[in-house]
Amino acid sequence: MPDVFKNVTSFLSANDFLIYKLTKKIITDTLNAEKFYFDANSKTYPKKILHHLQITDNNLPAVTDPGTLIGSLHNDVKKILSIHEDIAVIVSTYDAICALIGSSTYHEDELNNVCGTCSSYRILSKEKIPMKKSNLIIQNLLSENIYIIGGSNNLEGGVLEWAKECFYGDSYLKDDEFLYALIQSEAMESDLGANGLLFLPYLLGERMPFLDSDVRGVFFGVERFHTRKDIIRSVFEAMAFQAKLMIEEFEKNGYPVSV
């Protein structure tokens, strides 16, 4: 929409927009900015990308460290919420990093896995090790003088949710509190290896540990004797192999993992 684009003053991600609505300040944190190729060392965005997009860094939020106090709620927000006291607004960062910090991961070789729709795998390191060709993301939490290494796959819990809807949705209520227990129980009734059935869980492509937006999910080796129990077992095993691949990605790049 060229007419809209030419009138835009600032491009904000969802969290930056919330900060703006709370404080009227256009600001983001370094780790979020790095998703858009911000260089934390030079504190700049790549000029070639800005030129290609026909914008300048003035069209992007100012960048500060996570944990920075940027002020209090704007008066308009206080009126809407009927709040009279000053409430501090602090810049945070994106969910995977907050989950890592909030889960009290301290040791450098400790792998942190936070699983939701996708699954985030991250470790901490006091030094930046030159990596081989890898999709692992290295981010520097400057305030703590430590590196955060890792990334997220496209789906993990989301694969299980899909399997629930696909293979159980016609027979059970979606909010049945016992449904996941049933799914797990059925998976355990199938033999290790799901009776030779393999599942590739790439329903939305993949980004970690390899990047391929075109790869898709596959059930391989399906035979007439296979049952729903084998199918759901193969889904669980596929998620386990995803975890194994992530661990191997850390270790082959010089970051040992204790599990």
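Contact of the Leu31 side chain with the Leu141 side chain is registered, since non-hydrogen atoms from C-beta on lie closer than 4.5 Å. Looking at heavy atoms from C-beta onward, Leu197 lies out of side-chain contact with Arg233 at the 4.5 angstrom threshold. Contact annotation: the side chain of Lys128 approaches that of Ile138 to within less than 4.5 Å [non-hydrogen atoms, C-beta and beyond]. Between Asp57 and Leu50 there is a side-chain heavy-atom pair separated by less than 4.5 Å. Within the 4.5 Å cutoff, no side-chain heavy atoms of Pro201 are placed close to those of Leu155. A 4.5 Å side-chain heavy-atom check between Thr30 and Pro66 finds at least one atom pair inside the cut-off. At a threshold of 4.5 Å between non-hydrogen side-chain atoms, the residues Arg228 and Phe167 count as touching. Residues Ile90 and Ile70 form no side-chain contact, since every pair of their non-hydrogen atoms from C-beta on lies 4.5 Å or further apart.
Checked by atom type, the side-chain pair Asn32/Ser13 shows no donor-acceptor distance below 3.5 Å. Defined by atom type and a distance below 3.5 Å, a donor-acceptor pair is present between the side-chain atoms of Tyr121 and Glu156. Residues Tyr180 and Glu161 have side chains that never bring a donor and an acceptor to within less than 3.5 angstrom of each other. At a cut-off of 3.5 Å, with distance as the only test, no side-chain donor of Asp39 or Thr44 sits close to an acceptor on the other residue.
Distance alone, capped at 3.5 Å, places no donor-acceptor pair between the Ser185 side chain and the Ala181 backbone. Side chain of Gln139 to backbone of Ile148: no donor-acceptor contact under 3.5 angstrom is found. Looking at Arg122, its side chain never comes within 3.5 Å of a backbone N or O of Asn112 through a donor-acceptor pair. Side-chain atoms of Thr68 never come within 3.5 Å of backbone atoms of Thr64 as a donor-acceptor pair (strictly under, hydrogens ignored). For the pair His74 (side chain) and Asp76 (backbone), a donor-acceptor distance under 3.5 Å is present.
Follow the hydrophobic side-chain contacts under 4.5 Å out from Leu69 and you never reach Leu73; the two are in separate clusters. Tyr147 and Val114 fall into different hydrophobic clusters, where Ile, Leu, Val, Met, Phe, Trp and Tyr side chains are chained together by heavy-atom contacts under 4.5 Å. Hydrophobic clustering (side-chain heavy atoms under 4.5 Å, transitive across Ile, Leu, Val, Met, Phe, Trp, Tyr) groups Phe11 together with Val4. When hydrophobic clusters are built by joining Ile, Leu, Val, Met, Phe, Trp and Tyr residues whose side-chain heavy atoms come closer than 4.5 Å, directly or via intermediates, Leu198 is not grouped with Val159. Taken together through direct or relayed side-chain contacts under 4.5 Å among Ile, Leu, Val, Met, Phe, Trp and Tyr, Met208 and Leu211 form parts of separate hydrophobic clusters.
A cation-pi contact links Lys35 to Tyr94, judged by a cut-off of 6.0 Å to the six-membered ring centre and 45° from its axis.
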Criterion side-chain contact (heavy atoms from CB on, under 4.5 Å) on Leu160 and Phe236, from CA distance to verdict: CA-CA 8 Å; Leu160 184 58; Phe236 275 107; 3.9 Å; yes
Lys164 and Ile183: CA distance, side-chain angles, deciding distance, side-chain contact (heavy atoms from CB on, under 4.5 Å) verdict: CA-CA 8 Å; Lys164 180 193 73 171; Ile183 293 172; 3.8 Å; yes
Candidate pair Leu136 and Asn253, rule side-chain contact (heavy atoms from CB on, under 4.5 Å), full reasoning: CA-CA 9 Å; Leu136 290 175; Asn253 284 285; 4.1 Å; yes
Check against side-chain contact (heavy atoms from CB on, under 4.5 Å), Phe36 and Leu60: CA-CA 10 Å; Phe36 301 92; Leu60 299 172; over 6 Å; no
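Between Pro46 and Tyr37, the shortest heavy-atom distance links the atoms CD-O, 3.0 Å. Ile123 and Tyr255 make their closest contact through CD1-CB, 3.3 Å (heavy atoms, listed as atom of the first residue, atom of the second, distance). Summarising the geometry of Ile146 relative to Ser125, their closest heavy-atom pair is CG1-O, 3.2 Å, with the distance given to 0.1 Å. Across Val89 and Ser72, no two heavy atoms sit closer than the pair CG2-C, 4.0 Å. The minimum heavy-atom distance between Ile26 and Pro61, with the atom names listed, is CG2-CA, 3.7 Å. Of all heavy-atom pairs spanning Cys118 and Ser152, the tightest one is SG-CB, 4.1 Å.
Among the candidates Asn153, Leu200, Ile247, the single residue satisfying the side chain to side chain contact (heavy atoms under 4.5 Å, CB included) test with Gln242 is Asn153. Under the side-chain hydrogen bond (donor to acceptor under 3.5 Å, both in side chains) rule, Arg207 has a single partner from Asp212, Asn135, Asn154, which is Asn154.
The environment of CZ in Phe241 is sparse: at most 12 heavy-atom neighbours from other residues, nucleotides or ligands sit within 6.0 Å. More than 12 heavy-atom neighbours from other residues, nucleotides or ligands sit within 6.0 angstrom of CG on Asn7. More than 12 heavy atoms of other residues, nucleotides or ligands lie within 6.0 Å of CD in Glu189, so this atom counts as buried by the packing criterion. Heavy atoms of other residues, nucleotides or ligands lying less than 6.0 angstrom from CZ of Phe210 number more than 12. Heavy-atom neighbours of Lys21 NZ from other residues, nucleotides or ligands within 6.0 Å: at or below the threshold of 12. Within 6.0 Å of the CZ atom in Phe225, the count of heavy atoms belonging to other residues, nucleotides or ligands exceeds 12.
Using a cut-off of 4.0 Å between Lys/Arg side-chain N and Asp/Glu carboxylate O, Lys78 and Asp86 are scored as salt-bridged. One finds no salt bridge joining Lys229 and Glu186 here, because no Lys/Arg side-chain nitrogen approaches an Asp/Glu carboxylate oxygen to under 4.0 Å.
Atoms CG and CD, on Asp230 and Glu237 in that order, are 9.5 Å from each other to the nearest 0.5 Å. Remark: Tyr45 OH to Thr56 OG1 distance equals 11.5 Å, nearest 0.5 Å. Separating the CD1 atom in Ile97 from the CG atom in Asp95 is a distance of 9.0 Å, to the nearest 0.5 Å. Here the CD atom belonging to Glu223 is positioned 9.5 Å from the CG atom belonging to Asn195, to the nearest 0.5 angstrom. Rounded to the nearest 0.5 Å, atoms CD (Glu248) and NZ (Lys244) are 3.5 Å apart. Rounded to the nearest 0.5 Å, atoms CG (Asp29) and CZ (Phe38) are 10.0 Å apart.
The aromatic rings of Trp162 and Phe199 lie parallel to each other, with less than 30° between the two planes, well short of the 60° mark.
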